Structure formats: structure tokens, C-alpha cells
Amino acid sequence: IGPLLPDPALMGISPDVVLVAVTIGWAFAGATSPFTATVLLVSLFGKVSATTVGLRWNGWFLGLGCLVGSLWVLALAMMTG
């Protein structure tokens, strides 16, 4: 998805900010998607559906992580820009 984004300089932000934002999104998608290997293994061991593991069990992690990650990206953008 990175090549589809415009040049960070055109958006008025540092490339580091874009890198952090994309990495945070990738990490949370991997932790909550019911199609990733980790979520599928935990659902197999816990004898529950992958959707339960990805969205219910990891839901608080996702919500809190998105809040903290957004604040981190905002602070980084303010410091570098």
C-alpha cells in the first residue's frame, strides 16, 4: 500500500510519520484479523472461532492501541513537521 500513497513531502509530513502509521496499522491488522496464523492458532487451541479471538479478545487491545498509536503519530508529526 505504500507505493499508492503520495510523497510525504507533498502532504507536508516527514516520511518517518508515514512509516510509523503504516507499521501501526499493519501490526493491529495482524493481531485482530481472523485470517492470520497467530489468531487461527489461538482459536484452535482455545476451541473458539477466529473471529472471537481477533475481535472480542483482542478488541480492547485494538481500541487502546489505535488511540495510543494515533497520539504517537500525531506527536511525531508535530515534532518533525
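In this text the structure is predicted, and so the values were computed from the model without any measurement.
With sequence neighbours left out, the side-chain contact (heavy atoms from CB on, under 4.5 Å) criterion links A50 to P34, V39, L40, S43. Partners of W72 under the side-chain contact (heavy atoms from CB on, under 4.5 Å) rule, at least two apart in sequence or in another chain, are V20, I24. In terms of the side chain to side chain donor-acceptor pair (under 3.5 Å) criterion, residue partners of T52 (sequence neighbours excluded) are, by chain and number, S49.
For the atom pair D16 CG and T23 OG1, the distance stands at 10.5 Å (nearest 0.5 Å). Between I13 atom CD1 and D7 atom CG the span is 9.5 Å, to the nearest 0.5 Å.
Two residues are said to be in side-chain contact when any heavy atoms from C-beta on lie closer than 4.5 Å; M11 and V18 meet this criterion.
L44 and V48 are members of different hydrophobic clusters when ILVMFWY side chains are connected at heavy-atom separations under 4.5 Å.
Residue pairs that meet the ring-ring contact (aromatic ring centres under 6.0 Å, His included) test with at least one member in residues 3-30, sequence neighbours left out, are F28-F61. Counting only residues at least two apart or on different chains, no side chain to side chain donor-acceptor pair (under 3.5 Å) pair has a member in residues 29-40.
Across T80 and S14, no two heavy atoms sit closer than the pair OG1-CB, 3.5 Å.
With a 4.5 Å cut-off between side-chain heavy atoms of Ile, Leu, Val, Met, Phe, Trp and Tyr, the cluster of L41 takes in F45.
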